[in-house]
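Here the structure is laid out as structure tokens; the discussion comes afterwards.
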Amino acid sequence: MMPFDYHRPDSAAAACERGHGAPNSAFIAGGTNLLDLMKLGVMTPETVIDVSRLGLDGIEEQGEGLSIGATVPNADLADDPRVRARWPLLSRALLSGASGQLRNMATTAGNLLQRTRCPYFQDTDTPCNKREPGSGCSALGGEMRNHAIFGTSEHCVALHPSDMAVAMRALDAEVEICDPDGKTRCLDLDQFYREPGDTPHIETRLDPGDLVTAVRLPAPRGDRQVYRKVRDRASYAFALVSVAAVLRMQDGKIESAALAFGGVGTKPWRDLEVDLLLQGERPSDALFDKAGETLTQGAETHEGTAFKVPLVKRVLKAVLTEATQ
Amino acid sequence: MTLEHQIDGPEDEGFARPDGNGPLGADLERRDGAAKVCGAARYAAEHHPDGMLHGVLVRAPGLGPVRLVNADEITAIPGVRRVFHDARMIRNAAQGGAGKAPVQGVKAAAYVGQPVALVVAEDFATACEAANRLRVEADGADLPVHPKAGEPDPDKTKDKTTGDFDTAFSEAAVTLDVTYTTPAMVSAAMEPHAAVAEWDGERLTLHGALQMLRDNKAELADCLGLAEDKVRVLSPFIGGGFGSKLGISADCVAAALAAMELGCPVRVVQSRRQVFEVNTRRTETSQRIRLAADRDGRLTAIGHSARVSNLPDESFSEPVLQGTAFTYAAPNRLLHSELVRIHRPAAGSVRAPGEAVGVTTFEAAMDELANEAGIDPVELRLRNLPEVEPGSGRPFSSHRLAECLTEGRDRFGWDGRSPEPRQRREGEWWIGTGMAAAVRVNMVSDAEARVTLTPDGRALVESDMTDIGTGSYTIFGQIAAEALGLSPDDIDVVLGDTDLPPGSGSGGSVGAASTGTAVWLACEEIRRAIAGRMECAPGNLTMAEGHATCGNDRRVLQDVLSGQPLKGHGKLAPGAAMKKVRQATWGAVFAEVAVSDVTGETRVRRMQGTFAAGRILNQRTARSQAQGGMAWGLGLALTEALVHDRRDGHAVNRDLAEYHVPVNADVPHLDVRLLDEPDDWAGPLGAKGIGELGICGSGSAILNAIHHACGVRIRDLPATPDRVLAGLA
């Protein structure tokens, strides 16, 4: 891996300042993704800023919700009794990802910011617009399977691989960001992530020196929470498709629904039209089928990813059936 | 002195035979296990001689002529000692048993990923960075990378015809004509290939991760232009091989030539990605299977044709039809295999080359035939077992397939199974059961071993044989203990060093039986010497509990030895038995699966394997081998596929996150029953190879269970959720 400068600032503000001053820098906490990519030469930061000891590793109650520190390990978050009781969806999603060892190291913000698993992105011998803007997309016309069908562009079809972020998207989580001027702002996940368009190398709304300090989880909008992940083997595999659902039922009708999807989008995917379609309706197969049709009508598929359309529809239907019973 | 023996038949020269009451066959734990789990066992990359330099291999990014663009700039990086672009570097690992150099050279890439340079630096980080920065350009070349685009190699096309296939097929009451495909696969051993080379000006010492040291020494010497006696290879501990460490690998040759040029020890460890592309993979296969049977399910014709691939100039051609040749009787047979030359990473032996993919597909086709004919799948197989080897008419040395099928059937609880698919459902899950026969040819290899009975009454076993995790150390201790009347604790076993007598190496499931027999012969020689000293016939000598007994003459071993060690040297060679009989190992595998009607995901709930492989030398290590094979079968059926880019053929998913071997959560309880009976044609031990048998058919039991569960027949492996779903929808 390339030589790099290593800094361990003692405050979030100092970390932001350091990041702002070093154009080619990266924050590191658990390192489960960054170190791999640095060894492969895919990411080549000249400055690495260690944010693992800034005291951002607590989970605090905030009104009816939670504030999850940026460096809370995935394992701890999944295991938190409050999360397990009121946001079981998040716990399920976390535990369906990676392996025990990785979850011990990987952090909340690191999970949100993990890079795509597109094999061409990870291979410096093949063109990739995300890795090397303007060089071309090797996945298009190549081997596609774990690639997106929503939010793609002619420049990039790379999938966002996180399970945790899919659950957070359904739970209306917001990302708390500290900037180099010392200001704090919050973005919901839809705003936080960008679709690739013609700049697939820019994945979020983070500016240089912006540091994710926490994820705010509002009170759950539904007590019926389901996370279902389909994968090629029973553990330690990324989602072919995953569905996160947060529902509230009232008098046999769906009072509210929030659905998010993994394994299908260039960012953790949500389609408000689907949520709205379900709202106020009585559960039925026809309704669930319609939800699937609505979700997938804009899907862009290729030979290797066409299976995701029927798969996500079936999983959505099964998840909705389970959540409304 | 050396006691030589070649196996010509069931008779031998009056050798002692295990009596079944000694330590041989016992369920003993691996004697190297504790050292491995506590880190005391030193693997190749853990050798750190003083002044050791670090080398990193650099790959060709494209096909065709290759240039290093900035070698001078890289060499100038502080800490970098040299950039090698050396004609002696090898294109890919040698084939198993080659005993000579594989294709060498770095001026042009025959496949994307071929190692074309070695960057050597004083520390690993510098070497990695320099290797990352070394720019390699490939001109590109219009070469076929897809099997459909490759030309069949006329030298590798094989046909074997018996009777009149076409007529029998056209006239049969029941027929089946199906095509199966299996993907490329890799061994995916945990330990990456690694080498530490030292050159003292005359002799090369190499610590490597290698399975067949006798051949590896010859291959390395040939690569470097050295005499064989100037090369010593050590590989006492290996973190899995599965075929990928049979031949000398790119790291070994590069480390060796760098050590010789630089006069310093050099270590080269393949990165995980290199492990996936510079060693040998299993070829993808396309197999057309045609079966014809009468109303009772008796096969009248068998047709099996296979297409495999390899790089130009590679001798290896996956012997897909090896099991088909002798498993079932049918008077009319048409076996055809061909190999196309394409420019993907080299193909070679991976986990039971031939049967793993050939038996798996054939047993799936047999399940289809059972359905067509309306006959129970176990019964169909029982009706078609041959009396003698089809085609050749040779007898079988032993034939236990019927017993495996019926015992396995009972143990699994097969009776009462509904023949119709889609009969059992639990929630969204379809539940089904399936079965398959397992067969694997049995091979014997040249092997030597030395045993020394020391004056203190202990014994030392020595050979360059390897233990790739299979249990060689443990088994040889048991064999020597059995032969010499000692406890396994009284035996020291030293392996994995070419300065010791050449064993068989670990490959083709020959290790335990072939080198084990050499150990037995070495002990036999010692027994004869002791009988001579006690003036009795060897047949009348009993060795037990540290004593030698002839009639009323009972002596403690120390007295017989009177202060001097006693050496025996055993040498085994394959003999005429290989020609006189068909020798094979047998099994039957049963599986129960659940298939999600929503997602197409398959979960294996339980598996049962009943296997016969001659005398079982250690119940525990044999069972472990069988279970490992069954887990690999699960991978073959459900998860494993090496994906090649359609444009340039490079291996796309070359790491353990994206190449899916089964994980613990995928593997259910694996019940194994071993039918323990010596095969008289397998030498004095009567043992045959068991290492690869477990994978030969077990994947098919799962595929057949998927069909029974949900009615979906998967003919393109593996049965990933999307493929099953396509059938469900």
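The chains referred to below are lettered A, B, ... by the order of the sequence lines, with proteins before strands, and numbering in each begins at 1. All values below were derived from every heavy atom in this structure, side-chain atoms included, with hydrogens, water molecules and symmetry-related copies excluded.
Of the two parts of B/Arg273, only the side chain, counted from C-beta on, holds a non-hydrogen atom closer than 4.5 Å to a non-hydrogen atom of chain A. Neither the backbone nor the side chain of B/Val112 has a heavy atom closer than 4.5 Å to any heavy atom of chain A. Interface residue A/Leu240: only side-chain heavy atoms are found under 4.5 Å from chain B. Of the two parts of A/Lys308, neither the backbone nor the side chain holds a non-hydrogen atom closer than 4.5 Å to a non-hydrogen atom of chain B. With a threshold of 4.5 angstrom between heavy atoms, A/Lys229 approaches chain B through N, CA, C or O but not through any side-chain atom.
Residue-level contacts of residues 123-136 of chain A with chain B, in order of numbering, are A/Asp123, A/Asp125, A/Thr126; threshold 4.5 Å between heavy atoms.
Aromatic ring pairs are classed by plane angle as parallel below 30°, tilted from 30° to 60° and perpendicular above 60°; the pair B/Tyr659 and B/Phe276 is perpendicular.
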- Full working for side chain to side chain donor-acceptor pair (under 3.5 Å) between B/Glu284 and B/Thr181: CA-CA 7 Å; B/Glu284 69 293 320; B/Thr181 64; over 6 Å; no
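In terms of modelled atom types and a separation under 3.5 Å, the side chain of B/Asp645 and the main chain of B/Val652 share no donor-acceptor contact.
For residues 110-123 of chain B, the set of pairs meeting the side chain to side chain donor-acceptor pair (under 3.5 Å) definition, not counting sequence neighbours, comprises B/Asp123-B/Thr126. Residue pairs satisfying the side chain to side chain donor-acceptor pair (under 3.5 Å) criterion with at least one member in residues 315-325 of chain A, sequence neighbours excluded, are listed as follows: A/Asp289-A/Lys317.
In this view, B/His85 and B/Lys107 satisfy the side chain to side chain donor-acceptor pair (under 3.5 Å) rule, not counting sequence neighbours.
In summary, the side chains of A/Asn111 and A/Gln114 do present a donor paired with an acceptor at a separation below 3.5 Å, with no hydrogens or angles considered.
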